[in-house]
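These numbers were taken from a predicted model, which means no experiment stands behind them.
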Amino acid sequence: MGNAPQINPLVIFLASLFTSNMVLVNFLGMCSFISVSSEYDTASGLGKAVALVMVFTTTINWLIYHLLVVPFGLEYLRYLVFIVVIAATVQIIEMAMDRYLPDLHVRLGIFLPLITVNCAILGISLFMVIRSYSFWQTVLFGFGSGLGWWMAIAALAAIREKMAANRLPPGLQGPAITFIITGLMALAFVGFSGIFAVM
Amino acid sequence: MIRSLLVRNIWDENQVLRQILGICSLLAVTNLVRNSLVMGLGLIFAVGLSSLTISYLRNYIPHRIRMIVQTLIIAAWVILFDLIIKAHLPEISRALGPYVGLIITNCIIMGRAEAFAQKNPPLASLLDGIFAGLGYMLVLVIIAVIRETMGFGTILGFNVNFLGLETWTIMVMPPAAFFLIGVLIWIVNIIMARQAAAGGGERG
């Protein structure tokens, strides 16, 4: 925690991908992570949409925070500012995609509205403020976190698809076993923790 | 009516264990009981007052933009809570970090707003919100007690490790939170299934 002006943005990128993965270490975006991970294709689609929105919203939030919110001394309103920016950005990305990338829009379209309330998106904007990242650190942090989220949900969905045929005790089916699998994945990711000394 | 609201929100439809909502903050803050208590109170505060406000305004909010209006109402209450603990409990505020702000995107609040406050009178909505928050806080504290006892050998900072046992580092790390919530959901599912079998499913 604290100031991080000297950390190489590339290190932040790798760290947010592995050692401080959004889902497995910081527990962000759990709701959709658990509920939309039963099929690989759907999960991967959501992951891509989240990664895209994350890069855009953190970048825009950084600019707005440092160019508007801080100069006017409105830091205490940052939650409100961030959530509005996120909602608006998601809307604009959706409209732009519909116009210029209709194929992608058809594939990701249904997930975009869901993303507004995905706490991973708001979470990394808040982390970026708390850790006082610079512009390029923020951009790579958003990109790395997004990819990390995508990687985690795609991996979980793949595991769950393989497990669909297994016979489990009735009470353990569904969310319970999903949490335990996620726990095992998180345990594996703990193994990365010696590699990058950040955060 | 109050009793049925209480039972439904804390047990039958517990937001965390039955609906699987509000998991992010639940997992992140539960390695210390103290942080969990503050987080639980924060959620009760935010969900109760948001439900109350949304219920009062339910006939004035245009249906198409209700999500953004609800989010703004919730954000306003969360900012208030954030300022209060920053002023009075600065140390805990620092420990909770971004997770206080993340109460805004806690699905429980939006869930109660959509499912209850939108179509019910203010007082009932306030109670419904508070009880939903209590159900969340209960799970939070159960997990926090297990993690703090086994991970640090303390409860609320007091030493309870009388036998001088080795503490489990894993309990304060992320994976343990996932394992515990998974097992807790499993246990509750078993109890629910037994109850349904014993009562012939009369409680629905």
Any side-chain donor near an acceptor of the partner, B:N9 and B:N14, under 3.5 Å: no

Per-residue contact mode, B:I170 against chain A (heavy atom under 4.5 angstrom): side chain

Heavy-atom proximity to chain A below 4.5 Å, by part of B:M110: side chain

Aromatic plane relationship, A:F33 with A:W149 - under 30° parallel, 30 to 60° tilted, over 60° perpendicular: perpendicular

A:F141/A:F13 aromatic ring centres below 6.0 Å: no

Proximity breakdown for A:L77 and chain B, heavy-atom pairs closer than 4.5 Å: both

Largest heavy-atom contact set with chain A, pairs under 4.5 Å, which of B:I187, B:L17, B:I191, B:I185: B:I185

Heavy-atom proximity to chain B below 4.5 Å, by part of A:L184: both

Between B:R112 and B:S51: side-chain donor-acceptor atoms closer than 3.5 Å: no

Contacting moiety of B:I104, where chain A heavy atoms sit under 4.5 Å: side chain

Contact origin within B:A76 toward chain A - heavy atom pairs under 4.5 Å: backbone

Between B:T53 and B:W77, a side-chain donor and acceptor under 3.5 Å: yes

Residue, of A:G123, A:G183, A:P170, that accumulates the most heavy atom pairs under 4.5 Å with chain B: A:G183

Contact winner vs chain A - B:A193, B:A28, B:A75, B:C107, heavy-atom pairs under 4.5 Å: B:A28

Exceeds 12 heavy-atom contacts within 6.0 angstrom, atom CZ of A:F135: yes

Pairs of heavy atoms under 4.5 Å with chain A: top-ranked of B:L27, B:D82, B:L26: B:L27

Validation row, ring centre A:F27 to ring centre B:F178 under 6.0 Å: yes

Contact class of B:L102 relative to chain A, heavy atoms under 4.5 angstrom: both

Min side-chain heavy-atom separation B:V188-B:R18 under 4.5 Å: yes

Heavy-atom contact with chain B under 4.5 Å, split by part of A:V23: backbone

Short side-chain donor-acceptor distance under 3.5 Å, A:S37 and A:R160: yes

Contact class of A:L122 relative to chain B, heavy atoms under 4.5 angstrom: both

